[in-house]
Q: 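Dropping a structure here in structure tokens format, bear with me for questions.
As a basis for the values below, the full set of heavy atoms in this structure was taken, side chains included, without hydrogen atoms, waters or symmetry mates. Since this is a predicted model, take the numbers as computed values, not measurements.
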Amino acid sequence: MRQDQKRQAAERLEAMLLEGLNSGNATEITPDDWENVRQAVCERIAKHKGSNEG
């Protein structure tokens, strides 16, 4: 079972890497981009914490 999980994880990683390579030209990340990432992560954490309460 563990080997199957490792194989599936490796396949997912390969698919994500290929998706990244095929997504187009890279662009420089800006301070605004980082702020958007921070906000999205904070919102996701808050949502997760909220769903675990009660």
Q: Counting only heavy atoms not in Glu35, do more than 12 sit closer than 6.0 Å to its CD atom?
A: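 It does: Glu35 CD has more than 12 such atoms within range.
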
Q: Are Val37 and Ile45 linked, directly or through other ILVMFWY residues, by side chains that come within less than 4.5 angstrom of each other?
A: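 Yes; tracing contacts between hydrophobic side chains, which count when under 4.5 Å, links both residues.
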
Q: According to side-chain hydrogen bond (donor to acceptor under 3.5 Å, both in side chains), does anything in residues 10-27 pair up with another residue at least two apart or in another chain? List the pairs.
A: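 Of all non-adjacent pairs touching residues 10-27, those that pass side-chain hydrogen bond (donor to acceptor under 3.5 Å, both in side chains) are Arg7-Glu11.
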
Q: For Gln8, which residues count as a side-chain hydrogen bond (donor to acceptor under 3.5 Å, both in side chains) partner, sequence neighbours excluded?
A: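 Scan of Gln8 (side-chain hydrogen bond (donor to acceptor under 3.5 Å, both in side chains), adjacent residues dropped) gives Asp4.
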
Q: Rounded to the nearest 0.5 Å, what's the gap from OG1 on Thr30 to CG on Asn36? Could you check?
A: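 Answer for the OG1-CG pair, Thr30 versus Asn36, is 7.5 Å.
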
